[in-house]
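One structure is given here, and the rest of the page talks about it.
Predicted model, so just to flag it, every value in this text is computed and none were measured.
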Amino acid sequence: MLDKIERLENMSFNEKLRYFQRKDPWERLHLPNKTAVPRSSVNLIDGNVTRMPKLGGKPCFGNPIAWIAHAVIETVQLKDFIAKTRCGRCKAREGCGRVAEERLNISPEVASAAQAFRAAGGATAYHRETQRIDAPQALGRLEKALVAAGPFTSKNDTYAANWPRDERRRVLDNDARRQREKRARDARRELKEHLVPEEIVSQLEHERIFRIVRFRWFANSAGAPKTVTVDPDGTNAAFTADVWRAKTLLSIRATQTKSITAYSIAGLMTDEGRNYGLEREVLRDRVTRALKRIAVLETRLLPEANGPVWPAFSPKEALDWSANNPLRDLS
């Protein structure tokens with residue numbers, strides 16, 4: 001639908017005059033019908049629209065051929081009832097009619113050609129299955145008169161031309177939002193079941209980097225305790241962040257927090273290849289020391305910053321963060 005609307009909006013005024021001479025120019029084309037355009041909301045000068053509401057998805061708006069050959073028919077008789085036509089239902093009809101009628105009277109030649117089309121039976125005769133040739137010929141002469149008098153422009157032209165592109169972006173954005181919301185619902189359900197959603201796994205990696213940076217800032221600040229500043233091999237920042245990550249993963253999976261121990265953390269780090277080349281018992285002892293550092297980092301304030309060195313991490317809150325901005329602000 002949007003591709004066809006875009007092709008129509010990219011047509012010149014004269015090309016649209018020719019196009020809307022088709023018997024069903026809206027075939028397989030669903031146009032939006034949300035924006036009302038009252039007659040009083042439209043101003044024109046010499047057939048050019050100088051004021052009107054923003055209107056997209058209506059390439060037929062104000063087209064004099066579309067109006068006189070199609071839109072003037074507001075209702076049709078069906079088998080058991082009378083129904084409004086597409087143009088009869090259109091919320092922009094009032095404004096469209098004002099623009100089209102002014103253009104149909106823009107010059108004596110156009111007005112005369114329009115009157116000749118109406119005299120030949122107008123839109124009713126034009127749409128008859130068994131029609132005389134008078135109406136199509138009269139409409140062709142009207143087109144030539146309009147081409148000579150035009151082309152006409154509208155303040156809405158740029159908006160209308162950009163509308164299909166903007167609508168595609170809106171649809172894609174809405175689809176992406178719905179997918180994010182579904183992923184978030186699924187992830188929250190997984191959390192309740194003590195599973196670790198992929199979103200949390202990814203977020204924990206970002207949080208790990210964040211904590212390494214904050215650890216180093218704090219270690220280089222005045223007043224930092226020796227448990228943080230003493231770092232013989234320079235791996236304490238990364239190691240402590242890895243311990244925090246493993247502890248957080250276990251806390252999500254665990255049904256009882258007492259099952260989270262230095263030994264279980266060391267086991268997970270070993271299983272994930274984050275054991276720093278240490279055997280399980282040696283790794284457990286280093287994890288124990290790291291847990292003490294974490295307690296300090298989660299309570300001590302970072303100089304010239306709000307809150308502790310390592311702020312609290314909530315898996316539930318993490319799921320609500322934008323997927324496009326997963327990394328916490330490091331400032």
Side-chain angles (χ1 to χ4, degrees), residues 187 190-321 325-331:
E190 291 176 8
L191 275 180
K192 289 181 180 179
E193 297 172 356
H194 299 284
L195 301 173
V196 183
E198 285 300 319
E199 290 83 356
I200 293 298
V201 173
S202 174
Q203 190 67 42
L204 286 176
E205 286 301 321
H206 290 299
E207 289 288 330
R208 173 182 174 275
I209 296 171
F210 169 77
R211 281 163 167 71
I212 290 173
V213 172
R214 301 271 286 201
F215 185 108
R216 290 170 178 164
W217 282 358
F218 184 53
N220 292 325
S221 67
K226 288 185 177 181
T227 53
V228 175
T229 59
V230 176
D231 188 5
D233 62 357
T235 62
N236 267 354
F239 182 85
T240 308
D242 279 326
V243 171
W244 172 86
R245 176 187 173 279
K247 179 175 179 288
T248 304
L249 284 171
L250 289 173
S251 69
I252 294 172
R253 295 170 180 165
T255 55
Q256 295 181 340
T257 56
K258 65 181 181 180
S259 64
I260 305 172
T261 64
Y263 196 79
S264 64
I265 293 172
L268 178 57
M269 292 176 68
T270 299
D271 292 342
E272 292 187 337
R274 300 183 187 226
N275 61 341
Y276 290 74
L278 303 175
E279 296 295 331
R280 180 71 66 91
E281 296 299 328
V282 178
L283 179 61
R284 181 191 62 181
D285 291 342
R286 189 173 180 186
V287 167
T288 300
R289 294 193 295 273
L291 290 172
K292 293 179 181 179
R293 281 195 296 274
I294 290 173
V296 172
L297 295 166
E298 291 181 338
T299 55
R300 291 287 294 269
L301 297 179
L302 183 67
E304 301 181 2
N306 295 324
V309 180
W310 281 12
F313 175 79
S314 167
K316 291 182 180 179
E317 291 180 4
L319 292 177
D320 295 331
W321 291 350
N325 300 281
L327 183 60
R328 187 196 293 271
D329 185 359
L330 299 182
S331 61

Partners passing salt bridge (charged side-chain N to carboxylate O under 4.0 Å, His left out) against R208 (at least two apart in sequence or in another chain) | D242

Atom pair [atom1]/[atom2] of [X] and [Y] - distance to nearest 0.5 Å:
X    : Y    : atom1 : atom2 : value
K192 : K316 : NZ    : NZ    : 7.0 Å
R293 : F215 : CZ    : CZ    : 5.5 Å
H194 : S251 : NE2   : OG    : 10.5 Å
Y263 : L283 : OH    : CG    : 10.0 Å

Stepwise side chain to side chain contact (heavy atoms under 4.5 Å, CB included) check, Q203 with T248 | CA-CA 11 Å; Q203 190 67 42; T248 304; over 6 Å; no

Is there a donor-acceptor pair under 3.5 Å between the side chain of [X] and the backbone N or O of [Y]?
X    : Y    : answer
R214 : P308 : yes
T299 : V296 : yes
W310 : R211 : yes
S264 : T261 : yes
T270 : A266 : yes
D231 : T235 : yes

For residues [X] and [Y], report the shortest heavy-atom separation together with the two atoms involved.
X    : Y    : value
V309 : L302 : CG2-N, 3.9 Å
L268 : A246 : CD2-O, 3.7 Å
A318 : I200 : CB-CD1, 4.0 Å
T229 : A219 : CG2-O, 3.5 Å
G267 : R280 : CA-CZ, 3.5 Å
A262 : T288 : CB-OG1, 3.4 Å

Tell me, please, whether F218 has R300 positioned over its six-membered ring: NZ or CZ under 6.0 Å from the ring centre and within 45 degrees of its axis?
-> no

Counting only heavy atoms from other residues, nucleotides and ligands, does the tally under 6.0 Å from [atom1] of [X] exceed 12?
X    : atom1 : result
E193 : CD    : yes
N306 : CG    : no
E272 : CD    : yes

Decide whether R286 and N236 meet the rule of one side-chain donor and one side-chain acceptor closer than 3.5 Å.
-> yes

Taking C-beta and beyond as the side chain, do R289 and F239 meet within less than 4.5 Å on heavy atoms?
-> no

Do I209 and E205 pass the side chain to side chain contact (heavy atoms under 4.5 Å, CB included) test, and can you show the C-alpha distance, the side-chain angles, and the key distance before you say yes or no?
-> CA-CA 6 Å; I209 296 171; E205 286 301 321; 5.8 Å; no

Look at E207 together with K247 and state whether they make a salt bridge at an N to O cut-off of under 4.0 Å.
-> no

